[in-house]
Amino acid sequence: MLAAVHAPLMAQKSHPNIVYIMTDDHTAQMMSCYDTRFVHTPNLDRIAADGVRFTHSYVANSLSGPSRACMITGKHSHKNGFTNNEHGIFDGSQQTMPKLLQAAGYATALIGKWHLVSTPTGFDHWEILPGQGDYYNPVFIHQDGTRAVDSGYVTRLVTDKALEWIEHHTGGRVADNVSDGDYKPFAIFIHHKACHRAWLPALEDLRLYENTTFPLPAAFNDDYVTRDAAGRTEMEIGKDMDIVYDTKMFVSHEKTPRTRLSASYENMIGRLSPVERRRYDDFYVPLSERFYDEWGTNYDFQPRQSESSVQGSRDAKLLEYKYQRYMRDYAKVVHALDQEVGRVLDYLRDHHLLDNTLVVYTSDQGFYMGEHGWFDKRFIYEESLSTPLVMHLPKGLEKRGDIDEMVQNIDYAPTFLELAGAPIPTDIQGVSLVPLLKGKAATRADKQKIKHWRDAIYYHFYEYPAEHAVRRHYGIRTKRYKLIHFYGNDVDTWELFDLRKDPHELHNLYGQPGMEAVQRHLHHRLELLQIQYDDSQR
Ligand code: SGN
Ligand code: CA
């Protein structure tokens with residue numbers, strides 16, 4: 001199935017390979033090198049421990065397709081044209097970083113979730129999941145347009161295919177034995193489906209984390225007072241998580257209530273073979289029977305009035321049950337991801353490729369793990385604006401430990417191009433992170449760039465009306481403050497947060513006495529960013 005990629009070397013062999021691993025909806029709270037409260041991810045932590053961890057890493061538009069488009073173009077959504085999942089079709093004829101890498105002599109490959117609707121361009125080899133893809137026995141679309149089911153769990157299959165391509169490209173040789181000119185430097189984009197909703201674990205991981213009771217996060221019972229748009233979403237664990245689809249309370253077709261998404265759930269687990277299904281049911285059915293014995297069909301969640309009215313109530317008990325199930329399933333899915341990333345790292349180590357390879361681990365955006373009572377993403381609020389970003393660096397990039405500068409997913413394209421020795425087109429809006437990665441090797445010019453690094457980022461989310469009902473908004477985040485404008489037919493509100501005093505963004509200070517100067521300054525900065533990025537929304 002693999003396209004031939006052996007071709008004469010063009011790029012300098014000294015240019016590093018790039019292994020870019022991007023997961024879906026994997027948030028920093030669920031990665032132990034960022035947050036030790038919930039899970040243990042030893043392999044992801046290895047990348048941070050041997051390399052660098054970005055502590056202020058953000059996306060430009062917290063949604064899958066838009067994020068991917070920002071990443072491969074180095075441009076904000078209004079420039080790359082893919083603003084939302086619902087109506088977006090990526091224009092693959094435009095300039096992209098994979099195409100520029102190809103032109104610089106790189107072999108390029110893409111495996112896994114693509115989600116940009118149009119056929120991938122700029123990759124010598126690709127094999128993608130249709131749309132969101134499936135966890136169990138998923139279909140892959142091949143470069144010749146054919147579709148076929150692969151048996152197994154998606155996280156493992158994506159990794160298998162990625163390693164198979166690297167093996168094919170390098171001839172499987174250990175790097176020390178490869179003479180210059182033998183194969184082109186490569187860039188592979190490994191895009192996992194995990195850990196997207198509905199968080200279906202690998203069968204061997206079903207029983208993990210079952211004895212863990214996860215602590216409740218900050219603002220779990222948020223009442224959204226002063227934040228109008230936040231109070232009008234459909235992403236609350238309590239009222240919006242589907243008891244069958246999300247919480248997996250399913251006994252059998254006959255014995256399970258029909259919910260909005262129960263048919264979709266039956267389709268997802270209907271992909272399992274009879275033997276696999278038995279293993280799956282052995283775990284979830286007893287849990288579900290106990291749940292329905294206790295709750296009957298009376299598991300609907302009443303919208304809450306205030307925090308105090310929830311505490312100790314029946315709804316509070318149901319909410320916490322759903323939260324624990326959500327956390328456990330998500331944690332299991334992350335476990336497989338961690339193991340499979342470990343397999344890639346081991347492969348690179350065993351083939352002596354680590355010295356000459358940049359390994360990036362990131363996600364298409366962050367996610368809410370119960371903060372504000374939510375799952376999903378979309379908002380410019382911290383948990384979903386942020387995305388994990390850790391890197392193993394090739395020789396020559398000597399920085400280690402934390403990098404605290406504000407970086408954004410539009411910066412990946414110029415970074416990879418600089419490492420490939422390719423010119424960075426002037427219409428790319430991100431900036432190369434290479435100066436931040438040099439450490440001891442930084443030149444005076446690099447130090448100047450670091451000194452004058454951006455002190456604010458721009459964000460714009462467009463997908464409304466849509467699932468989860470998050471209103472359109474744009475905003476600015478500086479080191480200390482955030483200014484947001486929610487806009488549209490049914491909303492026109494501003495929010496301002498002091499992240500130092502209010503890290504969980506509960507107190508909207510917009511229009512408050514004493515905030516006048518800060519507010520004026522942020523409005524001005526926001527306008528400057530919109531001019532800089534040429535976004536006419538004002
Ligand atoms: C699906 C999910 C949503 C999710 C979007 C976008 N619903 O529509 O919960 O917000 O994807 O996610 S589901 O019923 O299909 O699971 S994204 O990461 O692809 O942008
Ligand atoms: Ca996503």
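When a ligand or atom number is given, it counts from 1 through the structure's own listing order. Because the structure is predicted, anything quoted here is derived from the model rather than measured.
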Looking only at protein heavy atoms, which one is nearest to [atom], and what is the separation?
atom: atom 5 (C) of ligand 1; result: Arg378 NH2, 3.7 Å
atom: atom 20 (O) of ligand 1; result: Ser64 N, 2.8 Å
atom: atom 12 (O) of ligand 1; result: Lys377 NZ, 2.8 Å
atom: atom 19 (O) of ligand 1; result: Gln132 NE2, 2.8 Å
atom: atom 4 (C) of ligand 1; result: Asp376 OD1, 3.5 Å
atom: atom 8 (O) of ligand 1; result: Glu467 OE1, 2.7 Å
atom: atom 9 (O) of ligand 1; result: His468 NE2, 2.7 Å

Going by the atom numbers of ligand 1, which of them fall below 4.0 Å from some non-hydrogen atom of [X]?
X: Asp24; result: 18 (O)
X: His115; result: 19 (O)
X: Asp364; result: 18 (O)
X: Gln365; result: 18 (O)
X: Asn85; result: 6 (C), 17 (S), 19 (O), 20 (O)

Taking the inter-plane angle between the rings of Tyr412 and Phe416 on a 0 to 90° scale, is it parallel (under 30°), tilted (30 to 60°) or perpendicular (over 60°)? parallel
The Ca ion (ligand 2) contact by Gln365, N, O or S atom under 3.0 Å: yes
With a cutoff of 4.0 Å, is [X] in contact with ligand 1, counting heavy atoms of the residue only?
X: Met235; answer: no
X: Asp242; answer: no
X: Tyr245; answer: yes
X: Met268; answer: no

Salt-bridge present ([X], [Y]; N to O < 4.0 Å):
X: Glu289; Y: Lys255; result: no
X: Glu164; Y: Lys161; result: no
X: Arg197; Y: Asp25; result: no
X: Arg325; Y: Asp329; result: yes
X: Asp24; Y: Arg68; result: yes

Can you tell me which N/O/S atom of Asp24 has the shortest distance to the Ca ion (ligand 2)?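 Answer by atom name: OD1.
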Do Tyr459 and Tyr58 have their ring centres less than 6.0 Å from each other?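 Not close enough - the centres of the two rings lie 6.0 Å or further apart.
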Side chain to side chain, Val59 and Asp364, heavy atoms closer than 4.5 Å: no
Tell me whether the count of non-hydrogen atoms from other residues, nucleotides or ligands lying under 6.0 Å of CZ in Arg260 goes above 12. no
Angular separation of Asp25 OD1 and Asp364 OD1 about the Ca ion (ligand 2), given to 10°: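 The OD1/OD1 angle about the Ca ion (ligand 2) sits at 100°.
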Between Tyr136 (side chain only) and Pro201 (backbone N and O only), is there a donor and an acceptor less than 3.5 Å apart?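 The answer is yes, because a donor-acceptor pair under 3.5 Å joins these two groups.
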Option from Asp404, Asp45, Asp402 for which side-chain hydrogen bond (donor to acceptor under 3.5 Å, both in side chains) with Arg53 holds: Asp402
With respect to Tyr464, which candidate in Arg471, Arg378, Arg472, Glu86 satisfies the side-chain hydrogen bond (donor to acceptor under 3.5 Å, both in side chains) definition?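 So, applying the side-chain hydrogen bond (donor to acceptor under 3.5 Å, both in side chains) to Tyr464 and each of Arg471, Arg378, Arg472, Glu86, only Arg471 qualifies.
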Checking contacts here: is it the side chain or the backbone of Glu463 that comes within 4.0 Å of ligand 1, counting heavy atoms only? Could be both or neither.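 The answer is neither.
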